[in-house]
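Below is one structure, written out as structure tokens; the observations come after it.
Keep in mind the model is a prediction, meaning the values are calculated, not measured.
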Amino acid sequence: MTLKHIMALAIGGSSMLFTLSACSDEQQFTDNNTDAKRIEVQHITPEMAKVRDYVPLYAVVAHRGSTFWTPEETEAAWRWAREMGADYLESDMQATKDGVILANHDENLKRTTNIANVYSEYVPASRKDFYRSFKNADGSQHFSEEDIEAQYQRDVKDFRPYYTMSYYYHELLALDAGSWFNTSSPDQARAAFAQKGGIHQYVSALQDQIAYAQGKMLRRDANGERVLAYHIKDKYKDMTLEQIYNAEKRTTKCDDPSVSYTYAAKYMDFVDYDFDDAYVADPQDTGNRPGIYIEFKESWLNPKDMEVRVYNALADCGWNIATQPETEHKPFYTNGKVNVGNTNGKVILQTFSFDALTRAYNVFKGKVPMCFLLWTGTYATDLKYNTPTGYADFISYGLNHGAHIMGPAISGAPNNYPEMNNPWQAYMIRKSGMINHPYSFDSYAQMAKYMGYYNDYYDAGNTTQFDDLLLTTVPATAHTNFSGTKSTPVYMDGFFTNRSEMSLRFMIENGFRCNANLPNPFHKGETYDNSQAPSSVPDAEETLQRLGY
């Protein structure tokens, strides 16, 4: 998730959003709780509601796999989250110089890799050798030395140190994405996270994340190094580097040639990586099949074809329900295992960006669940007025641009984000018929606060003015820490967590998981059954040890 925005973006259409609520409009409201109930909120359409229902209720989303137990967005993080029983493996998406979709949260790679030590602030010294590694059928060097030198100079001109966009994926595989964690989180440090010879945590591609969700792990050689072959894409095989650089750069939607976007010459998308042969079955896989929850970052970080590129990559992996929907109903859980990754809810898209939201809507057409993330501040993509009118405007913007879910920030240690999921805000989201997925949970206190104790901490039966929509009566199960029924106002429908083990345990003990008779907040009078979800949570540290960490 984005913690802050780096620059104000001049985004077409964004200024319109803020003109919906003039300052005079804000001043006439004096009580957020009262105003949240009386102002109009746009409601989700029946067609969009069908896609909303692809998402399981009370979904546990493993934020970057885990930022607490493991180096984030790595093989270790996502294997661990899968084995714990999380419903989704969450990540942030950026594109490499050769167009691979990379999981990376920050605007650059300095915090979570050793890139500053490996490559410093210059084009990698190995760049020319990378170009030389491409061979013809007879074994001769494909690109001439003159061509390589000229391209290297263009690379220098286009270079932005430490940013994903300036490096080939092959170059990023030389980075250690695990050792930094042992320094920043000494209490959770593990020798297996640190680089030792060729064995280390790699930066991850979108294809890797999907493979982990499917019960696989990286293919490695005898030295522990990743095995990932590469070659020149067929359409570029007769071109020089100069011709590739100057060729028309356009990505076309795989199932609709009328949708295409151009991208800058600096992206040298001529390398084809053999992801099909990059994985092996994980011997420690116990059968959970989570989905993925992937974030489009601020537009300036990525090429303009980013959304089409992701659409096509998902289709190539068989994970794009817009091109390959599940034709029969499949449960989210079966026989005590997570099965979300085999349903139409297998992928959720997300973004803070107005521009990315609009482009994703133009590409995905609202056919894949989408979350519109919220942050309050002064930048173009932030919620300017954290009031009922400002909130309603953002809900409308999300609904009008293909969002089925709102993702507000929550307060509390250790992140201390601005509070954007007060009861009145959760109420407005519920009025819209959208799902509410707040971020990010790190403590039991946060779980209790947003799952019913916000206004009723001592379980005294206190009523609230939002009970008409948010009050939920949960029947006890064999796994709950209460008997009979428990009625509390609930302020979320699923959530991002850095502590999957804690969140899963809370949901089971409080009856929101492993329950056959949960009230369905979006279909009055109907129940929601997640009784087949895993009813026990493995020990977090023992699971890491079992996985080889």
Side-chain angles (χ1 to χ4, degrees), residues 56 58-91 103 178 188 190 192-193 201-202 204 207-220 278-293 317-319 326 330-343 345-348 477-479 494 496-509 512-516 529-549:
Y58 308 118
V60 174
V61 181
H63 184 228
R64 306 182 216 166
S66 176
T67 63
F68 181 85
W69 290 105
T70 61
E72 64 194 57
E73 300 184 313
T74 61
E75 181 181 35
W78 285 320
R79 288 178 70 213
W80 177 84
R82 181 195 71 209
E83 292 305 298
M84 295 307 295
D87 297 311
Y88 288 94
L89 311 181
E90 192 267 353
S91 72
Q188 279 73 49
R190 291 177 176 271
F193 293 155
Q201 292 299 306
Y202 290 93
S204 299
Q207 290 87 342
D208 300 340
Q209 186 178 356
I210 291 173
Y212 304 142
Q214 293 175 319
K216 301 175 184 176
M217 60 188 296
L218 295 181
R219 182 183 296 279
R220 297 176 185 250
Y279 314 103
V280 297
D282 189 340
Q284 296 300 323
D285 169 44
T286 55
N288 290 321
R289 292 296 176 263
I292 62 172
Y293 207 130
C317 293
W319 274 56
E326 298 293 338
K330 295 181 180 179
F332 296 125
Y333 311 97
T334 180
N335 299 322
K337 300 296 180 183
V338 175
N339 194 49
V340 176
N342 292 319
T343 73
K346 65 181 65 175
V347 175
I348 303 178
T477 73
H479 313 291
F496 299 85
T497 178
N498 295 307
R499 299 289 302 272
S500 291
E501 83 294 346
M502 174 268 295
S503 296
L504 288 163
R505 192 171 295 113
F506 181 96
M507 299 298 276
I508 293 169
E509 291 175 352
F512 292 98
R513 206 169 176 90
C514 306
N515 200 325
D529 182 355
N530 60 15
S531 60
Q532 294 301 303
S535 59
S536 62
V537 182
D539 180 88
E541 294 188 83
E542 289 178 2
T543 299
L544 285 169
Q545 293 170 0
R546 177 170 65 81
L547 294 172
Y549 306 117

- Non-hydrogen atoms of A77 and P71 that approach each other most closely: CB-O, 3.4 Å

- Roughly how far apart are E72 CD and E90 CD, rounded to 0.5 Å? 9.5 Å

- Message: To the closest 0.5 Å, what do you measure between OG1 (T497) and CZ (F68)?
- Response: 10.5 Å

- Message: Would you say N498 and T67 are linked by a side-chain donor-acceptor pair, where the criterion is simply a distance under 3.5 Å?
- Response: yes

- Task: Let me see the working for V280 and R220 under side chain to side chain contact (heavy atoms under 4.5 Å, CB included), right down to the final yes or no.
- Result: CA-CA 9 Å; V280 297; R220 297 176 185 250; over 6 Å; no

- Task: Check N288 against P534 and note the closest heavy-atom contact, atom names and distance.
- Result: OD1-CG, 4.0 Å

- Note on the structure: Rounding to 0.5 Å, atoms CG (N342) and CH2 (W319) come to a distance of 7.5 Å

- Task: From the options T74, D282, T70, select the one residue that forms a side-chain hydrogen bond (donor to acceptor under 3.5 Å, both in side chains) with R79.
- Result: D282

- Query: Should the ring pair F193 and Y549 be called parallel, tilted or perpendicular, given that the plane angle runs from 0 to 90° and is split at 30 and 60?
  - Reply: tilted

- Note on the structure: Taken to the nearest 0.5 Å, the spacing of E73 CD from Q209 CD works out to 7.5 Å

- Is any side-chain heavy atom of Q545 closer than 4.5 Å to a side-chain heavy atom of R190? yes

- Residues which pass side chain to side chain donor-acceptor pair (under 3.5 Å) with S204, listed by chain and number, not counting sequence neighbours: none

- Query: If you take all heavy atoms of M217 and P283, which pair is closest and at what distance?
  - Reply: SD-CD, 3.5 Å

- Item | Minimum side-chain heavy-atom gap E75-D208 below 4.5 Å | no

- Query: Hey, mind stepping through Y88 and V340 against side chain to side chain contact (heavy atoms under 4.5 Å, CB included) and telling me if it holds?
  - Reply: CA-CA 8 Å; Y88 288 94; V340 176; 3.5 Å; yes

- Check the angle between the aromatic planes of Y212 and Y279 and answer parallel, tilted or perpendicular using the 30° and 60° thresholds. perpendicular

- Is the closest side-chain donor-acceptor distance between E83 and T543 under 3.5 Å? no

- Query: Under the 3.5 angstrom rule, does the side chain of Q201 hit a backbone N or O of A76 as a donor-acceptor pair?
  - Reply: yes

- Message: Quick check: closest heavy atoms across K216 and R82, and the distance to 0.1 Å?
- Response: O-NH1, 3.5 Å

- Hey, what do you get for CD (Q188) to CD (E541), rounding to the nearest 0.5 Å? 7.5 Å

- Any donor-acceptor pair under 3.5 Å from D539 side chain to E542 backbone: yes

- Given the rule in the side chain to side chain contact (heavy atoms under 4.5 Å, CB included) test, do Y333 and V338 qualify, once you have shown the distances and angles that lead to the verdict? CA-CA 5 Å; Y333 311 97; V338 175; 4.3 Å; yes

- Check: R513 side chain, A533 main-chain N or O, donor-acceptor pair, under 3.5 Å: no

- Side chain D87, main chain V60, donor-acceptor under 3.5 Å: yes

- Please answer whether the main-chain N or O of Q284 pairs with a side-chain N or O of R546 as donor and acceptor at a distance below 3.5 Å. yes

- Task: Over all heavy atoms of both residues, which pair between L218 and Y202 is shortest? Give the atoms and the distance, please.
- Result: CD1-CD1, 3.8 Å

- Task: With sequence neighbours excluded, tell me which residues meet side chain to side chain contact (heavy atoms under 4.5 Å, CB included) with R505.
- Result: E501, E509, V537

- Item | W80 side chain to A540 backbone, donor-acceptor under 3.5 Å | yes

- How about H63 and Y293: do any of their side-chain heavy atoms sit closer than 4.5 Å? no

- Task: Calculate, to the nearest 0.5 Å, the distance between atoms CH2 and CZ belonging to W69 and R499 respectively.
- Result: 5.5 Å

- Mind listing the closest non-hydrogen atom pair of R64 and W78 along with its distance? C-NE1, 3.8 Å

